[in-house]
Amino acid sequence: MPELPEVETVARGLARAVAGKTIESVTVSLAKMVQAPGGVAFAAALRGERVESVGRRGKYVVMRLRSGRSLVTSLRMTGRLVLQREGDPDFPGTHAVLHYTDGTRLSFADVRTFGRMRLVEPDEPWDAALGIEPLSPGFTQQVFIGMLSGRTTPIKALLLDQHRIAGIGNIYACEALWAARIRPGRPSKALTKPAILRLHHAIRDVLTRATEMRGSSVDDYVDADGLRGGFQNVLSVYGKLGEPCPRCGAPIVRTVLAQRGTWWCRSCQR
DNA sequence: CTGAGATCCTGGGGGC
DNA sequence: TGCCCCCAGGATCTCA
């Protein structure tokens, strides 16, 4: 499931690969996968646009275009943005393709069709509801302390809430809570200050290390170049039901919290 | 504001 | 072996 590290990896790959390219044409084979403002045809709206840069916001890949508009892609769980050369066969499960003038193309594929590609106007506040970037300087200890203050929400649910912090998904929520030795179900306001500071550090640490390793390929995630990530090999708890906790040796358990599978150590996460 | 539940999909895992 | 059932998972919406 692409979360911040995976989306960052995809965006970096695309930044190298498609920045400066001009879109010659767009083909869409599943209309619901794409959206354009004001009911304008998505394909027509993109024709002739040039890609200025590619970045990330939360779990969204953002391609900034010459007109000032942005093409915002949500990969959800199984979405992929795959770069292909001229003559490469169509990628299986492709629903939209951006054809560039140099013959390369970017395929948007998603077997579960949950992903979305959306064209937004220059002044459109498409990310207004997204929370703070956890790796940005603005995500200070004080900001995090304030965020948890007075909230009864389980800390894991808070970490997953994109309105508060943008980019953390199930894998890194589980991993950060394990690293900080915090029980996922604890009410946010019940965390001690030392625990909050441990978690603040753990969030940034796990996201940074995972990004350095090009993300986690737990299922079939691959980046824009088709490469798998490496962080799945160093996960401590996610998906590790019954395996020994790397810290204390107790078996990892799986519970359900905020409708999500939650892996953690009953022994050393308090 | 907050949380719960439904919804969207399908590959793949579990059960028999 | 083969078949059926069921479910994970992120964002969004509705409802209490």
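Just the heavy atoms: all of them, side chains too, but no hydrogens, waters or symmetry mates, feed the values below. Just so we're on the same page: letters track the sequence lines, and every chain starts at 1.
With dG10(C), dG3(B), dG5(B) as the candidates, the nucleotide lying closest to the side chain of N170(A) is dG10(C). When distances are taken from the side chain of R254(A) to each of dG3(B), dT2(B), dA8(C), the shortest belongs to dA8(C).
The nearest whole Å value for the distance from the CG atom in L30(A) to the P atom in dT10(B) is 9 Å. Atom CZ in R112(A) sits roughly 6 Å away from atom C1' in dA8(C) (whole-Å rounding). Remark: P of dG11(B) and CZ of R80(A) are 13 Å apart, rounded to the nearest angstrom. M147(A) places its CE atom 12 Å from the P atom of dT2(B), with the value rounded to the nearest Å. Rounded to whole Å, atom P of dC1(B) lies 10 Å from atom CZ of R151(A). Rounded to an integer number of Å, the gap from L257(A) CG to dA4(B) C1' is 13 Å. Atom CG of D110(A) and atom C1' of dG10(C) are 11 Å apart (whole Å). Rounded to whole Å, the distance from CD on Q259(A) to P on dA8(C) is 11 Å.
When the options L71(A), L81(A), L83(A) are evaluated for a side chain to side chain contact (heavy atoms under 4.5 Å, CB included) with L98(A), the one that passes is L71(A).
A salt bridge is absent between K59(A) and E6(A): the closest approach of a Lys/Arg side-chain nitrogen to an acidic carboxylate oxygen does not fall below 4.0 angstrom. Note on E52(A) versus R64(A): no salt bridge recorded, every NZ/NE/NH1/NH2 to OD/OE distance being 4.0 Å or above. Salt bridge annotation for R66(A)-E49(A): absent, with no cationic side-chain nitrogen under 4.0 angstrom from a carboxylate oxygen.
Between the side chains of K156(A) and T262(A), at least one donor N or O sits under 3.5 Å from an acceptor N or O.
For W178(A) and Y238(A), the ring centers sit 6.0 Å or farther from each other.
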message: Within the 4.0 Å limit for protein heavy atoms, which parts of nucleotides 11-16 of chain C are touched? Write it as a string from 5' to 3', B for base, S for sugar-phosphate only, - for none.
response: SS----

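At dG9(C), one or more side-chain N or O atoms of Y238(A) fall inside 4.0 Å of OP1 or OP2 (strictly under the cut-off).
Between the side chain of Q84(A) and the main chain of T104(A), no donor-acceptor pair closer than 3.5 Å is present.
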